[in-house]
**Q** 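Questions regarding the structure given below will be posed in turn.
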Amino acid sequence: MEEKQELYKQRTEKLARIGELGEEPFRYSYSRTHTVRQAYERYEENKAGSSDTNVKLAGRLVALRSHGKSTFADLKDDSGKIQIFFGLQDLGQEKYEFLAKLVNIGDFIGVEGGVFTTRTNQVTVRVQNFSLLTKSLRPLPEKWHGLKDIETRLRQRYLDLLSNDEVREIFRKRSGIIKSIREFLDARAYIEVETPMLHPIPGGATARPFVTHHNALDRDLYLRVAPELYLKRLIVGGFEQVYEINRNFRNEGLSPRHNPEFTMLELYHAYVDYEYVMSLVEEMINHVARTLNGSTTLTYQGNAIDVKAPWPRMPFFQAIRQFAGVDMEPISDADAAREAVSNLTLDLDPSAGYGKICDELLKTYVRPNLISPTFIVDYPVELSPLAKSKRGNPRLVERFQPFIGGLEIGNAFSELNDPIEQRRRFESQMKLRERGDEEAQRLDEDFVTALEYGMPPAGGLGIGIDRLVMLLTDSSTIKDVVLFPQLRTVTETVPEE
RNA sequence: GGGUGGGUAGCUCAGGUGGCAGAGCAUCGGCCUUUUAAGCCGGUGGUCGAGGGUUCGAAUCCCUCCCCACUCACCA
């Protein structure tokens, strides 16, 4: 089917001719001496001393401008793009013919030659010898407009990466962000750990899990929705500062801010509370922003933002009063809560309880307004079954969420370490489950047992890495910061019998 | 799942009052030894998202379906 395509046929014919000439169209290696960027740097250094700069470069041909007996081309590698010059005189008839007849845009080649500047002052490699490294059998996206079609960009991300430099830049930044987080944490004596992805009981977050099946054990397992309960077991086990940067899976809808698999930093630190963790988040985001941009200021979707510490702390109920105009604090049951929000535009599930209604208010009315970094602190206990009660107010928990640019980028609390209270919280979650709330958390007996052995006081933190990357790369959708985001699968249209 | 917009050559896009399916780039052939979106001349390339219907005739009108984007719902 594919083979019928004209361009593909032409390329495979060239492939055959290359073979007949005794050349290998898919080479094993090429020992380059410089990257493209290094070639430019080297040339600049040598210009003063006027010594020759000879280089061997490897990359993909992204443009060809042939003038008969001479040909200009652009060679692109991971570090940049450089013009190369092929002359009949330099290469000889046979080699030049090979270039003209058998090499295409899209092919990988290795070139060897001296660096010079053309009369239009363009730094160029004068090719003395070249090797075809990989023959490309399909045409590249158009050079000028690039690849625009979003569906192709996401389904064939490699094409997006090779034709849109700014896309590669985002993922380079993503790597830098994660690296700087590790640097920051490693420098503070945290150790990085790995905990299971396959959970017998999904826990640690209020979310619907993916289910899978283990054949040998003949039992269902769940892809983790959060590593939280395992990381806390490590705190029980005597580690005092641990973190994990890894994937979580939640069986929920897609949106500009949600991908079913997403990367989360989770961190636990013994003997500290959420106040300490707040400072840690401020410092960490400052460190990451500085490392990435050299500054704590950034622009997100047209808003100038400064992540410089300290960030304001705003109590949950105060935020709702301020942005939604209702006071939920004196209210404690679902009916009264529903009554209180009746004249707001809020779509509520009929089964929504008090906590859920408060959460909805936060998302709808508060979050979009939190552009400069803000901690919302002290959440209602109903929303947070794993957080420790607020000192002096048992209706609240010591929990905070950092918001920047209207994005919820994390979640943290003083960790609940009272096993008896933890069991009660799980039990009230189980009641929500029985009432049909599929996201309510399940009782993890083994986790409660661990707490019964004693978990030191601890602060815990989760940071949504994808959203942080969105913020730092000014991306409006999570699909722009995930290399291979989830898309609907293309279904083959089967003709009817 | 609902609403809106979209899917035409490998890529970027026109066409759309029903009447031979187009351009630029890519590709192939020819000319051309300093171009850089090189240029000039000539070709190839299409299930117009899929299927069905109306019609003498459908890319265009109607129905069903698929995929994408935005948005609402759901959720982190």
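Order of the sequence lines sets the chain letters (A, B, ...), proteins ahead of strands, with each chain counted from 1. Values below: all heavy atoms of this structure, side chains included; hydrogens, waters and symmetry mates excluded. In this text the structure is predicted, and so the values were computed from the model without any measurement.
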**Q** Is it true that A:D466 and A:R174 have a side-chain N and a carboxylate O under 4.0 angstrom from each other?
**A**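 A salt bridge is present here (some side-chain N lies under 4.0 Å from a carboxylate O).
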
**Q** With the threshold set at under 4.0 Å for non-hydrogen atoms, list the residues of residues 463-474 of chain A touching RNA chain B in residue-number order.
**A**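 Within this stretch, A:R467 sit under 4.0 Å of the strand.
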
**Q** Does A:R65 contact B:rU35 through a side-chain donor or acceptor facing the base, at a distance under 3.5 Å?
**A**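 Under the 3.5 Å cut-off, the side chain and the base do form a donor-acceptor pair.
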
**Q** Listing time: all N or O pairs from protein to nucleotides 30-32 of chain B that are below 3.5 Å?
**A**
from   : atom 1 : to     : atom 2 : distance (Å)
B:rG30 : OP2    : A:K101 : NZ     : 3.0
B:rC32 : N3     : A:G68  : N      : 3.1
B:rC32 : N4     : A:G68  : N      : 3.4

**Q** What parts of residues 125-133 of chain A reach RNA chain B, counting only heavy atoms under 4.0 Å away?
**A**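 Close to the strand are A:R126.
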
**Q** Flag yes if more than 12 heavy atoms outside A:E339 fall under 6.0 Å of its CD atom; otherwise flag no.
**A**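 Atom CD in A:E339 is not packed in, count stays at 12 or less.
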
**Q** Of all residues at least two apart in sequence or in a different chain, which pass the salt bridge (charged side-chain N to carboxylate O under 4.0 Å, His left out) check with A:R247?
**A**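 By the salt bridge (charged side-chain N to carboxylate O under 4.0 Å, His left out) rule, A:R247 matches A:E261.
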
**Q** At less than 3.5 Å, do the side-chain atoms of A:Q83 and the base atoms of B:rU35 form a donor-acceptor pair?
**A**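 Yes, the side chain and the base share a sub-3.5 Å donor-acceptor pair.
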
**Q** Hey, could you give me each pair passing side-chain hydrogen bond (donor to acceptor under 3.5 Å, both in side chains) that has a residue in residues 196-210 of chain A? Not counting sequence neighbours.
**A**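 Passing the test, one end in residues 196-210 of chain A: A:T206-A:Q441.
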
**Q** Of the options B:rC28, B:rU34, B:rC75, whose atoms approach the side-chain atoms of A:K14 most closely?
**A**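 Nearest to the side-chain atoms of A:K14, counting from C-beta on, is B:rC28.
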
**Q** The criterion is ring-ring contact (aromatic ring centres under 6.0 Å, His included); which residues satisfy it with A:F85, sequence neighbours excluded?
**A**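 For A:F85, the residues satisfying ring-ring contact (aromatic ring centres under 6.0 Å, His included) (neighbours in sequence not counted) are A:F72.
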
**Q** How about A:K81: does its NZ atom have over 12 heavy atoms from other parts shown lying under 6.0 Å from it?
**A**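 Counting neighbours around NZ of A:K81, 12 or fewer heavy atoms of other residues, nucleotides or ligands fall under 6.0 Å, so no.
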
**Q** Does any donor-acceptor pair link the side chain of A:S70 with the base of B:rU34 at a separation under 3.5 Å?
**A**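 Such a pair does not exist between side chain and base.
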
**Q** May I ask you to verify if any side-chain N or O of A:N251 is less than 4.0 angstrom from the OP1 or OP2 atom of B:rC75?
**A**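 So the side-chain polar atoms of A:N251 never come under 4.0 Å of the phosphate oxygens OP1 or OP2 of B:rC75.
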
**Q** What residues form a ring-ring contact (aromatic ring centres under 6.0 Å, His included) with A:F447, not counting sequence neighbours?
**A**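 So A:F447 forms no ring-ring contact (aromatic ring centres under 6.0 Å, His included) with any residue.
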
**Q** Rounded off to whole Å, could you give me the CD-to-P distance for the A:E266 and B:rA76 pair?
**A**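 That distance rounds to 14 Å.
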
**Q** With sequence neighbours excluded, what pairs up with A:Y379 under the ring-ring contact (aromatic ring centres under 6.0 Å, His included) test?
**A**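 A:Y379 satisfies ring-ring contact (aromatic ring centres under 6.0 Å, His included) with A:F316 once adjacent residues are dropped.
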
**Q** Can you name the ring-ring contact (aromatic ring centres under 6.0 Å, His included) partners of A:F413, sequence neighbours left out?
**A**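 ring-ring contact (aromatic ring centres under 6.0 Å, His included) check on A:F413 returns nothing, list empty.
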
**Q** Taking ring-ring contact (aromatic ring centres under 6.0 Å, His included) as the cut-off, I'd like each qualifying pair that reaches into residues 461-486 of chain A, sequence neighbours left out, listed once.
**A**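 For residues 461-486 of chain A: none.
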
**Q** Just the table, please: protein N/O against nucleotides 4-12 of chain B N/O, every pair under 3.5 Å.
**A**
from   : atom 1 : to     : atom 2 : distance (Å)
B:rC11 : O2'    : A:E142 : N      : 3.1
B:rC11 : O2'    : A:G146 : O      : 3.2
B:rU12 : OP1    : A:K148 : N      : 2.9
B:rU12 : OP1    : A:D149 : N      : 2.8

**Q** Can A:R182 and A:E192 be counted as an ion pair, charged N to O under 4.0 angstrom?
**A**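 Here A:R182 pairs with A:E192 in a salt bridge, since their nearest N and O are under 4.0 Å apart.
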
**Q** Any cation-pi pair here, A:R257 with A:F262, using under 6.0 Å and within 45°?
**A**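 No, A:R257 does not sit over the ring of A:F262.
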
**Q** Examine B:rU44: is either OP1 or OP2 under 4.0 Å from a nitrogen or oxygen in the side chain of A:K9? Give yes or no.
**A**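 False: A:K9 side-chain N/O out of range (4.0 Å or more) of B:rU44 OP1/OP2.
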
**Q** Sequence neighbours excluded, which residues qualify as salt bridge (charged side-chain N to carboxylate O under 4.0 Å, His left out) partners of A:K135?
**A**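 Salt bridge (charged side-chain N to carboxylate O under 4.0 Å, His left out) check on A:K135 returns A:D107.
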
